[in-house]
Amino acid sequence: MAQRTVLVLLFDDVQSLDVTGPLEVFAGAEQHTPGTYRIRTASLDGAPVRTSSGLTLVPDESSAEAREPHTLLVPGGEGTRHPDPRLIDWLRENGPRAERLVSVCTGAFLLAGAGLLDGRRATTHWAYCDTLARAHPAVEVDPDPIYIRDGRIATSAGVTSGIDLALALVEEDLGRDVALAIARHLVVFLRRPGNQAQFSAQLAAQTAQRDPLREVQQWITEHPADDLTVESLAARANLSPRHFARAFQAETGMPPGRFVDRVRLEHARRLLEDTGGGIEEISRTSGYGTPEAMRRAFVRTLGTAPAEYRRRFRSTPVH
């Protein structure tokens with residue numbers, strides 16, 4: 001098996017976890033299967049860079065000295081806001097030469113600035129998706145997935161999604177068993193499918209300020225198959241249904257019914273992706289009651305039926 005060079009581009013005010021997260025994955029793969037990855041870091045002049053958290057990183061070489069890599073990884077961070085023009089020029093010239101071009105978080109802005117994402121579907125940290133779309137209208141920005149593969153180019157959302165993407169690349173190169181061993185060592189999931197939303201239901205909604213409402217939110221996520229009508233949830237919060245609905249909307253930014261819908265959909269997606277449970281069983285344990293009710297929810301929200309969703313995005317073999 002040919003050794004693949006992974007080159008990580010460094011610059012001042014880079015996000016340190018965008019660098020070290022994926023590097024730990026590739027380094028773990030090299031330790032597991034020696035000779036598979038040659039890992040290098042480079043800055044424009046070969047000088048040390050200071051990350052946004054104050055950590056100093058010493059690169060292996062300058063970008064001019066770097067050999068043409070198999071995988072070129074561009075991290076994000078504060079330094080992507082006003083990058084050195086030489087960095088963009090280097091990416092414009094060298095990005096097309098890499099067999100795989102990868103960005104983590106706001107590293108997508110550097111790729112877009114070099115014209116490497118034009119006509120492609122891409123993502124970045126949810127907080128910057130609108131900015132990326134406005135600044136680079138030729139890029140099809142999708143704010144939902146944690147990472148996106150579009151041909152030889154892969155872009156990912158914030159921080160930990162860089163680890164997810166790196167695991168997916170290692171699985172592509174070396175197989176599932178190697179990637180699983182690395183994930184276990186790092187104590188992370190193998191692997192969150194790229195289509196998984198950047199927000200869980202809890203994160204998509206604001207966390208309620210009052211304890212009773214926070215406890216209701218937690219109850220919903222832990223008991224999606226229970227009676228989650230407004231009347232039932234209001235009784236749990238010791239409020240009238242009308243008062244509960246108003247307070248929940250005010251403190252979480254969404255009505256209780258929409259929050260319940262998101263929780264149930266997220267629960268069903270996770271079971272379809274990670275288990276071999278039948279559609280009928282999953283519809284019941286996710287609170288839909290019937291496969292048809294779950295099918296309608298999936299088609300309405302995701303544009304696909306549960307069986308097709310599982311076929312496309314299952315992350316573990318079903319026996």
Side-chain angles (χ1 to χ4, degrees), residues 6-15 17-19 21-22 42 44 52 63 66 68-169 172 191-199 203-204 301-304 312-313:
V6 177
L7 178 65
V8 181
L9 193 60
L10 302 181
F11 47 86
D12 283 328
D13 284 328
V14 68
Q15 162 66 257
L17 282 176
D18 287 1
V19 175
L44 278 175
S52 56
S63 55
E68 191 172 296
H70 175 277
T71 300
L72 175 57
L73 191 149
V74 182
E78 291 292 321
T80 64
R81 294 191 177 187
H82 304 287
D84 188 321
R86 295 178 301 157
L87 193 65
I88 301 300
D89 291 341
W90 186 89
L91 281 170
R92 186 178 292 113
E93 180 180 354
N94 293 275
R97 299 175 181 173
E99 291 191 36
R100 281 194 309 225
L101 188 56
V102 178
S103 70
V104 181
C105 197
T106 54
F109 281 82
L110 300 182
L111 298 187
L116 298 170
L117 297 183
D118 287 358
R120 294 184 180 271
R121 183 167 165 260
T123 194
T124 186
H125 189 290
W126 62 268
Y128 301 102
C129 282
D130 286 346
T131 304
L132 180 63
R134 287 195 302 270
H136 301 281
V139 182
E140 182 186 345
V141 180
D142 188 340
D144 191 45
I146 58 173
Y147 63 82
I148 289 174
R149 295 288 300 275
D150 188 336
R152 54 181 283 275
I153 297 181
T155 53
S156 60
V159 186
T160 57
S161 62
I163 295 176
D164 293 304
L165 177 52
L167 283 168
L169 297 177
E172 177 183 296
R191 59 182 165 81
R192 293 190 296 172
N195 66 289
Q196 183 168 319
Q198 294 192 34
F199 284 130
L203 290 177
T301 306
L302 303 175
T304 188
R312 292 172 58 195
F313 300 121

To the nearest 0.5 Å, how far apart are [atom1] in [X] and [atom2] in [Y]?
X    : Y    : atom1 : atom2 : value
S156 : R149 : OG    : CZ    : 11.5 Å
I148 : T155 : CD1   : OG1   : 5.0 Å
D130 : T124 : CG    : OG1   : 11.5 Å
T80  : H125 : OG1   : NE2   : 11.5 Å
D150 : T123 : CG    : OG1   : 12.5 Å
L91  : L101 : CG    : CG    : 7.5 Å

Indicate the atoms forming the closest heavy-atom contact of [X] with [Y], along with that distance.
X    : Y    : value
I88  : G113 : CG2-O, 3.5 Å
P145 : A157 : O-CB, 4.3 Å
C129 : V141 : O-CG1, 3.7 Å
G162 : V104 : CA-CG1, 4.0 Å
R152 : G95  : NH2-O, 2.6 Å
A168 : Y147 : CB-OH, 3.5 Å

With sequence neighbours left out, the residues meeting side chain to side chain contact (heavy atoms under 4.5 Å, CB included) with R81 are E78, Y128
T301 meets the side chain to side chain contact (heavy atoms under 4.5 Å, CB included) criterion, sequence neighbours left out, with L265
For the residue pair [X] and [Y], establish whether any side-chain heavy-atom pair is separated by less than 4.5 Å.
X    : Y    : answer
V139 : L111 : no
Q15  : P75  : no
R100 : L169 : yes
P22  : V8   : no
F109 : L132 : yes
L110 : L87  : yes

Just to verify, what does [X] make a side-chain hydrogen bond (donor to acceptor under 3.5 Å, both in side chains) with, not counting sequence neighbours?
X    : answer
R121 : D142
D84  : R86
D89  : R92

Under 3.5 Å donor-acceptor, [X] side chain and [Y] backbone:
X    : Y    : answer
D118 : A138 : no
T106 : G77  : yes
R97  : E68  : no
S103 : L73  : no

Quick note, salt bridge (Lys or Arg N to Asp or Glu O under 4.0 Å) partners involving residues 106-115, not counting sequence neighbours, are none
